[in-house]
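Quick notes on the structure that follows.
Reckoned from all heavy atoms, side chains included, excluding hydrogens, waters and symmetry mates. Model, not experiment: these values are computed from the prediction.
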Amino acid sequence: MLSADEARAKLLDNARPVRQTEAIPLEAALGRVLAEPLIAAVTVPPLDNSAMDGYALRLADWAEDKWLHVAQRIPAGQLGHPLTLGTAARIFTGAPVPEGADTVVMQEDCEVRDDHVRIAKPPKLGAHIRRAGEDIAHGQTVLQAGERLNAARLGVAASVGATELTVHRKLKVALFFTGDEIVLPGHPLKAGQIYNSNRATLLALLQGLGCEVHDLGIVADNLDATVNALEQASRHADVVITSGGVSVGEEDHVKAAVERLGRIEMWKVAMKPGKPLVYGRLNTIAGVDTDFLGLPGNPVSAFVVFCLFVRPFLLARMGAARAEALSFTVPAGFDWKKPGERREFLRARIEHGRAVLYPNQSSGVLTSVAWADGLVDIESGHTVREGDDVRFWPLTELLK
Ligand code: AMP
Ligand code: MG
């Protein structure tokens with residue numbers, strides 16, 4: 001059995017980024033991965049400009065009880081005139097600072113009478129001026145290849161005037177669900193059946209990543225059906241993901257099916273929930289390897305395994321340079337007395353600065369994940385006493 005860290009490293013080692021790229025409009029690029037660096041063709045801000053509504057002056061012209069003539073008015077979007085000696089300019093936030101002015105005083109610190117202004121408080125040289133290029137210099141690389149586009153990065157791209165971005169093409173993920181007992185919501189449940197919750201969860205997780213998803217539905221628990229589905233799934237996908245059927249029971253056919261069509265690279269991770277996680281390669285007709293990831297059927301295990309392993313793997317396949325989630329330590333608001341044989345990822349919330357656990361940590365209890373803010377990470381063989389620091393992985397990070 002591999003440790004969780006070894007399994008992650010192995011997966012990331014095997015994740016070859018999709019090579020094809022495409023130019024798409026900025027508006028359609030949220031969540032996509034930049035394939036080329038973005039270089040600024042402009043300077044931001046283009047000119048020294050005012051950070052305040054107020055008055056621009058030359059500091060040398062200032063004296064405590066001196067009235068300066070307000071000789072011009074510069075709203076944002078207009079260029080003023082060079083400041084003549086002994087005058088000030090009425091100026092607004094974002095307006096270019098006129099030539100000759102070296103300081104802006106905010107209007108709250110000014111006394112105004114007709115077209116004259118007096119500033120009692122000594123201004124500071126250079127105050128309230130945003131310098132040309134202080135955000136972005138012309139020719140600077142503002143976004144690197146491999147950066148995933150979020151709201152702020154799209155804003156940066158727009159600030160240098162980009163209308164299109166060159167990104168890696170979408171990753172194609174085919175998906176199916178094993179289990180004779182699972183049915184789709186919308187159908188009545190017969191005795192012994194349960195609804196397919198993994199489909200909803202995995203579709204949402206994959207949509208969040210921006211993958212192109214091909215859902216092949218529910219596949220019966222027998223080898224032929226599984227081989228068939230796998231073969232179909234691998235035809236057009238970069239990655240095939242399944243849920244269930246990866247344990248050791250005789251109703252579990254996924255591993256055998258993968259071995260028929262390719263090979264298994266790993267299949268067990270020493271963690272709880274989780275454990276079964278099959279990673280393999282499928283040989284496709286086109287001769288291209290398709291990646292295979294078989295998730296456990298238990299809904300909590302499927303979710304946690306996706307967040308910790310599948311997501312970073314898919315991000316790397318999408319071309320992302322960084323796939324790490326941030327974690328931090330928090331004091332435990334609980335005792336964990338029995339050391340586990342496997343590393344545990346417990347569903348937890350932060351309350352009053354401490355991690356508290358969902359009362360039922362069974363891998364079938366999906367409400368624990370819906371309730372949780374994150375996962376508390378406890379190494380195998382470790383115990384925890386209330387107040388000890390424990391590692392916490394926020395779901396916002398794991399799903400970012
Ligand atoms: P398996 O990994 O196939 O042995 O399944 C483990 C457990 O997860 C069983 O209790 C299954 O009924 C349940 N399970 C499997 N697939 C799903 C699914 N798609 N949605 C909800 N529960 C599932
Ligand atoms: Mg099953």
Side-chain angles (χ1 to χ4, degrees), residues 23-30 32 34 36-145 147 149-167:
I24 59 169
L26 211 65
E27 293 75 14
L30 180 63
R32 302 293 292 272
L34 208 58
E36 289 173 356
L38 181 65
I39 297 173
V42 296
T43 301
V44 184
L47 300 167
D48 287 359
N49 68 93
S50 179
M52 290 285 174
D53 291 335
Y55 293 83
L57 65 143
R58 186 185 288 107
L59 191 59
D61 289 340
W62 174 86
E64 197 184 324
D65 45 9
K66 187 165 156 194
W67 288 90
L68 295 171
H69 176 224
V70 181
Q72 56 177 323
R73 186 173 184 278
I74 317 173
Q78 288 186 25
L79 290 177
H81 308 290
L83 213 62
T84 45
L85 269 181
T87 72
R90 175 73 170 125
I91 197 162
F92 298 89
T93 306
V97 173
E99 203 185 308
D102 54 20
T103 303
V104 168
V105 180
M106 58 178 169
Q107 62 188 34
E108 290 84 344
D109 292 340
C110 298
E111 193 186 333
V112 181
R113 214 177 280 161
D114 300 324
D115 54 356
H116 283 75
V117 62
R118 189 174 71 125
I119 301 142
K121 213 165 99 185
K124 274 207 201 85
L125 180 67
H128 307 309
I129 296 179
R130 306 157 168 165
R131 295 295 167 194
E134 75 173 25
D135 188 357
I136 297 165
H138 185 274
Q140 182 185 331
T141 298
V142 285
L143 296 172
Q144 309 278 353
E147 280 192 271
L149 295 160
N150 59 18
R153 290 172 184 154
L154 289 170
V156 165
S159 75
V160 297
T163 56
E164 281 197 336
L165 294 169
T166 303
V167 297

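The backbone N or O of Gly94 sits nowhere less than 3.5 Å from a side-chain atom of Ser50 that would complete a donor-acceptor pair. A donor-acceptor pair under 3.5 Å is formed between the side chain of Lys66 and the backbone N or O of Asp61. The main-chain N or O of His116 is never found under 3.5 Å from a side-chain atom of Asp114 such that the two would form a donor-acceptor pair. Checking side-chain atoms of Trp62 against main-chain N and O of Ile119 turns up a donor-acceptor pair under 3.5 Å. With hydrogens and angles disregarded, no donor-acceptor distance shorter than 3.5 Å links the side chain of Asp135 to the backbone of Val44. At distances below 3.5 Å, not a single donor-acceptor pair connects side-chain atoms of Thr43 with backbone N or O atoms of Ala137. Between the side chain of Asp102 and the backbone N or O of Gly126 there is no donor-acceptor pair closer than 3.5 Å.
Under the side chain to side chain contact (heavy atoms under 4.5 Å, CB included) test applied with Gln72, the options His81, Arg90, Gln78 reduce to a single match, His81.
Counting heavy atoms of neighbouring residues, nucleotides and ligands inside a 6.0 Å radius, atom CD of Glu99 does not exceed 12 of them. The number of heavy atoms from other shown groups lying within 6.0 Å of CD (Glu108) is above 12.
Within the 4.5 Å cutoff, the side chain of Leu149 has heavy atoms near those of the Val167 side chain. In this structure, the side chains of Pro96 and Ile91 stay at 4.5 Å or more apart for every pair of heavy atoms. With contacts defined as side-chain heavy-atom distances shorter than 4.5 Å, the pair Leu34/Gln144 does not qualify. Side-chain contact check for Thr87 versus Val70: every heavy-atom pair is 4.5 Å or farther apart.
When every heavy atom of Thr103 is checked against every heavy atom of Lys124, the shortest pair comes out as CG2-O, 3.2 Å. In terms of heavy atoms, Thr141 sits closest to Pro37 at CG2-CB, 3.8 Å. In terms of heavy atoms, Phe92 sits closest to Asp53 at CA-OD1, 3.4 Å. Of all heavy-atom pairs between Met52 and Thr93, the closest is C-OG1, 3.2 Å. Between Ile136 and Ser159, the closest heavy-atom pair is CD1-OG, 3.7 Å.
Remark: Arg58 CZ to Leu68 CG distance equals 10.5 Å, nearest 0.5 Å.
Between Arg131 and Asp48 there is a salt bridge, since at least one side-chain N of the basic residue sits less than 4.0 Å from a carboxylate O of the acidic one.
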